[in-house]
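Counting starts at 1 for both ligands and their atoms, in listed order.
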Amino acid sequence: MMQRTSSFIFLLLMATFTACTKSEEVKNELVREDTSFIIPAHFPKINYPIDNYYTFARWSLGKKLFYEKALSRTNEVSCGSCHQLAFSMADNEITSKGVEKRLNARNTPSLANIAYHPYFTREGGVPTLEMQALVPIQEHNEFDFNIVEIEARLKSNQGYQQMSNAAYDRPLDYYVIIRALANFQRSLLSGNALYDRYKNGQASLNTSQLNGLNLFLGKANCIACHAGFNFTNYAFQNNGLYQNYKDIGRMRLTNNAFDLGKFKVPSLRNASVTAPYMHDGSMPNLFKVVEHYNNGGQPHPNKSTFIKPLGLSEKEINDLVQFLETLTDYEFLQNKKFTHE
Ligand code: HEC
Ligand code: HEC
């Protein structure tokens, strides 16, 4: 009996010991191999899935795949064709083009700080970043392909096989492809805008920017939805864009009329470089966005009660836009670590 108890304790200790070394490894790798990938001090920690911790090998493979045009049926487009760093991993099209110049149905969202999103796409139908990769791969207007054929196409590529073995200890297959892509995307962290430096006491905002911040928190109450360090509460809201929505938003997923015209609240980080705005790219600039909120939007039974005429003056509209521009992180937008080679 005694014997069994002690060997049980021994096993337990071994398990704890292994767990410790594992997380130590992860931490060391973060520090040692990639100094640009540091979680901003005022950001929460990232929850990595147990089978997809960050390692430099995984990250490198993910980055290569992110810019790999062979993922699309016609070898024309990569993830990076629509998600471009200079535009905060979005682009400046109303809707972007996939294979054979087919137009997407929605405006491309920014991937900055995507590690923190609790679900993906604008209606929130995809539960993990790993699974999200399958959406563009299958989508008729994006890669129009499938993961099995991608696996077959990349099979003969020695470079990929080596990277895959180093990263996940197995040949390149669907398991590896979706995990590596997610591993890379989780490193796309943006937290060094003027606003962050102001919050950390390292910079100051001018009068107009400060006034804009106060409006954001107060009279305009943008904070009701665009809250927290990433300027979104990730809720699904109808912000009064239309009386009749062509894209029904979250109702596509739930089939519930209560969700008609509701979309995931987007982050406002780097918004100054992601024009045009909204799920359909219907607003050309930030002034138009703020004017929309100031007018209270279109009548709709699902419209949030926070969307109502705000009574902002021209100067206040301008101040609010000036504040939104303080959320631009130029260091992130120019970080060569995230671009193609
Ligand atoms: C043709 C343009 C295009 C390509 C190529 C593309 N995307 Fe996207 N991406 C979009 C659009 C548009 C959406 C919004 C989809 C929606 O809401 O239904 C999106 C959404 C996303 C999201 C979810 C963002 C959010 O806020 O929920 C992630 C993550 C993403 N894409 C990653 C990728 C990856 C990884 C690839 C390559 C495997 C890729 N994208 C290829 C246009 C593209
Ligand atoms: C009731 C919640 C809510 C409030 C309050 C709110 N927003 Fe939004 N905001 C949203 C939603 C939802 C979207 C996305 C709508 C869509 O995709 O069509 C959005 C989109 C945006 C966008 C476009 C982002 C992009 O990448 O397309 C900007 C900019 C924006 N809001 C700024 C503001 C400002 C400034 C205020 C305050 C005046 C504000 N919002 C108040 C919910 C809200």
Side-chain angles (χ1 to χ4, degrees), residues 62 65-69 71-72 76-83 88-91 93 95-99 102-111 114 117-126 129 131-137 139 141-143 150 177-178 181-182 184-185 188 212 215-216 219-227 231-242 245 247 249 252 261-272 274-283 285-286 288-290 292-294 297 303-308 310 312 317 320-321 323-324 327:
L65 288 166
F66 193 86
Y67 293 106
E68 178 57 80
K69 291 189 173 168
L71 296 195
S72 65
E76 274 172 291
V77 277
S78 71
C79 310
S81 309
C82 302
H83 298 286
S88 190
M89 288 295 188
D91 63 16
E93 307 291 329
T95 58
S96 5
K97 296 184 188 73
V99 296
R102 292 178 197 159
L103 271 184
N104 258 330
R106 285 180 177 163
N107 176 259
T108 304
S110 159
L111 301 183
I114 197 74
H117 285 229
Y119 26 68
F120 304 88
T121 77
R122 293 176 184 272
E123 73 254 24
V126 181
L129 196 50
M131 277 173 73
Q132 164 68 33
L134 295 170
V135 180
I137 288 172
E139 194 70 44
N141 296 331
E142 295 184 45
F143 290 171
I150 292 175
I177 294 170
I178 63 171
L181 281 168
F184 169 64
Q185 292 176 82
L188 301 169
L215 292 165
F216 190 90
K219 186 172 169 186
N221 201 15
C222 313
I223 196 81
C225 297
H226 298 284
F231 293 87
T232 166
N233 59 7
Y234 306 104
F236 300 97
Q237 292 285 357
N238 178 316
N239 66 344
L241 294 183
Y242 302 110
Y245 279 82
D247 183 334
R252 225 167 77 161
K262 290 189 183 172
F263 296 88
K264 184 169 71 178
V265 175
S267 168
L268 299 183
R269 286 192 172 271
N270 303 312
S272 71
T274 66
Y277 302 101
M278 307 300 168
H279 69 276
D280 54 359
S282 55
M283 291 190 186
N285 57 53
L286 289 174
K288 287 276 186 272
V289 172
V290 177
H292 157 76
Y293 284 115
N294 193 34
K303 186 170 77 173
S304 160
T305 51
F306 293 119
I307 310 296
K308 52 181 188 224
L310 301 172
L312 305 175
I317 290 176
L320 205 39
V321 172
F323 165 68
L324 292 175
L327 304 179

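Ligand 1 does not have Glu139 within reach: every non-hydrogen atom of the residue lies 4.0 Å or more from it. The closest approach between any non-hydrogen atom of Val77 and ligand 1 is not below 4.0 Å. In this structure, Pro109 has a heavy atom closer than 4.0 Å to ligand 1. Using a 4.0 Å cutoff on heavy atoms, Ala271 does not count as a contact of ligand 2. The shortest separation from a heavy atom of Ala105 to ligand 1 is not under 4.0 Å, leaving the residue out of contact.
Those atoms of ligand 2 with a heavy atom of Leu241 less than 4.0 angstrom away are 18 (O). Each of the atoms 28 (C), 29 (C), 30 (C), 32 (C) of ligand 2 lies under 4.0 Å from some heavy atom of Val289. Applying the 4.0 Å criterion to heavy atoms of Gln237 picks out, from ligand 2, the atoms 2 (C), 12 (C). Shown in contact with Ser78 at under 4.0 Å from a heavy atom are these atoms of ligand 1, numbered in order with element: 5 (C). Within ligand 2, the atoms closer than 4.0 Å to a non-hydrogen atom of Leu286 are 29 (C), numbered from 1 in the order shown. Close approach of ligand 1 to Lys97 (heavy-atom distance below 4.0 Å) involves ligand atoms 1 (C). Contact atoms of ligand 1 toward Gly98: 1 (C) (distance under 4.0 Å to a heavy atom of the residue). Of all atoms in ligand 1, listed by their number and element, those nearer than 4.0 Å to a heavy atom of Leu129 are 29 (C). Applying the 4.0 Å criterion to heavy atoms of Lys264 picks out, from ligand 1, the atoms 25 (C), 26 (O), 27 (O).
To the nearest 0.5 Å, atoms CD (Glu93) and CG (Asn107) are separated by 9.5 Å. The OH atom of Tyr119 lies 16.0 Å from the CE atom of Met131; values are rounded to the nearest 0.5 Å. Of the inter-residue distances, the one linking Lys264 atom NZ with Thr232 atom OG1 reads 7.5 Å to the nearest 0.5 angstrom. To the nearest 0.5 Å, the span separating CD1 on Ile317 from CG on Asn294 amounts to 4.5 Å. Taking CD of Gln132 as the start and OG1 of Thr121 as the end, the distance is 6.5 Å to the nearest 0.5 Å. Interatomic distance, Lys97 NZ to Ser81 OG, rounded to the nearest 0.5 Å: 11.5 Å.
Protein heavy atom nearest atom 31 (N) of ligand 1, with residue, atom name and distance: His83 NE2, 3.0 Å. Of all protein heavy atoms, the one closest to atom 39 (C) of ligand 1 is Pro136 CG, 3.5 Å. With respect to atom 34 (C) of ligand 2, the closest heavy atom belonging to the protein is Cys222 SG, 3.4 Å. The shortest contact between atom 25 (C) of ligand 2 and any protein heavy atom is with Tyr277 CD2, 3.7 Å. Residue, atom and distance of the protein heavy atom nearest to atom 22 (C) of ligand 1 are Gln132 NE2, 3.2 Å. The closest protein non-hydrogen atom to atom 12 (C) of ligand 1 is Arg106 O, 3.2 Å. Closest protein heavy atom to atom 2 (C) of ligand 2: Cys225 SG, 1.8 Å.
Contact record, Val77 with Gly98: CG2-C, 4.1 Å, taken as the closest heavy-atom pair. Looking at every heavy atom in both residues, Ser304 comes nearest to Gln237 through CB-OE1, 3.4 Å. Residue Ser110 comes nearest to Thr274 through the heavy atom pair CB-CG2, 4.3 Å, listed as atom of the first residue, atom of the second, then distance. In this structure, Glu76 and Ser72 approach most closely via the heavy-atom pair N-OG, 3.1 Å. In terms of heavy atoms, Leu181 sits closest to Ala133 at CD1-CB, 3.8 Å. The two residues Leu324 and Leu268 come nearest to each other via the heavy atoms CD2-CD1, 3.9 Å.
If you look at Thr95 next to ligand 1, there are no close heavy atoms at all, none under 4.0 Å. The backbone of Asn221, and not its side chain, has at least one atom closer than 4.0 Å to an atom of ligand 2 (non-hydrogen atoms only; backbone = N, CA, C, O). Contacts of Ile114 with ligand 1, taken as heavy-atom pairs under 4.0 Å, involve the side chain alone. At a heavy-atom cutoff of 4.0 Å, ligand 2 is contacted by no atom of Asn294, backbone or side chain. The proximity of His279 to ligand 1, defined as any non-hydrogen pair under 4.0 Å, does not occur for either the backbone or the side chain. With a heavy-atom cut-off of 4.0 Å, Cys79 touches ligand 1 through backbone and side chain alike. At a heavy-atom distance under 4.0 Å, only side-chain atoms of His226, from C-beta outward, approach ligand 2. At a 4.0 Å heavy-atom cut-off, ligand 2 does not touch Asp280 at all. Residue-level proximity to ligand 1 for Thr121 is carried by backbone and side chain together, each with a heavy atom below 4.0 angstrom. Proximity of Arg122 to ligand 2, defined as any heavy-atom pair under 4.0 Å, is confined to the side chain (atoms from C-beta onward). Contacts with ligand 2 closer than 4.0 Å are made by side-chain heavy atoms of Tyr293 only, the backbone lying farther away.
When Glu93, His117, Arg102, Gln185 are ranked by how near their heavy atoms come to atom 32 (C) of ligand 1, first place goes to Gln185. The residue among Thr274, Asn107, Val321, Ile223 with a heavy atom at the shortest distance from atom 26 (O) of ligand 2 is Thr274. Among Pro266, Ser304, Ser110, the residue whose heavy atom lies nearest to atom 24 (C) of ligand 2 is Pro266.
Ligand 1 has no N or O atom lying under 3.5 Å from any N or O atom of Tyr119, backbone or side chain. Considering both main-chain and side-chain atoms, Met278 comes within under 3.5 Å of ligand 2 through a nitrogen or oxygen pair. In terms of N/O distances under 3.5 Å, ligand 1 is not approached by Asn104. Checked against a 3.5 angstrom limit, the closest N/O atoms of Glu142 and ligand 1 fall inside it.
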For Arg106 and Glu139: C-alpha separation, side-chain torsions, deciding distance, then whether salt bridge (charged side-chain N to carboxylate O under 4.0 Å, His left out) applies.
CA-CA 12 Å; Arg106 285 180 177 163; Glu139 194 70 44; over 6 Å; no
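A distance-only check finds no donor-acceptor pair linking the side chain of Ser88 to the backbone of Ala90 [under 3.5 Å]. In this structure, His83 contributes its side chain and Phe66 its backbone to no donor-acceptor pair below 3.5 Å.
Counted within 6.0 Å of NZ on Lys288, heavy atoms from surrounding residues, nucleotides or ligands total 12 or fewer; the atom is thus considered open.
Note: His226 and Phe216 have tilted aromatic rings, judged against thresholds of 30 and 60 degrees for the angle between ring planes. Using cut-offs of 30° and 60° on the angle between ring planes, the pair Tyr242 and His279 is perpendicular. Between Phe120 and His117, the two ring planes are parallel [angle under 30°; tilted spans 30° to 60°].
Distances from atom 8 (Fe) of ligand 1 show that Cys82 has no N/O/S atom below 2.8 Å.
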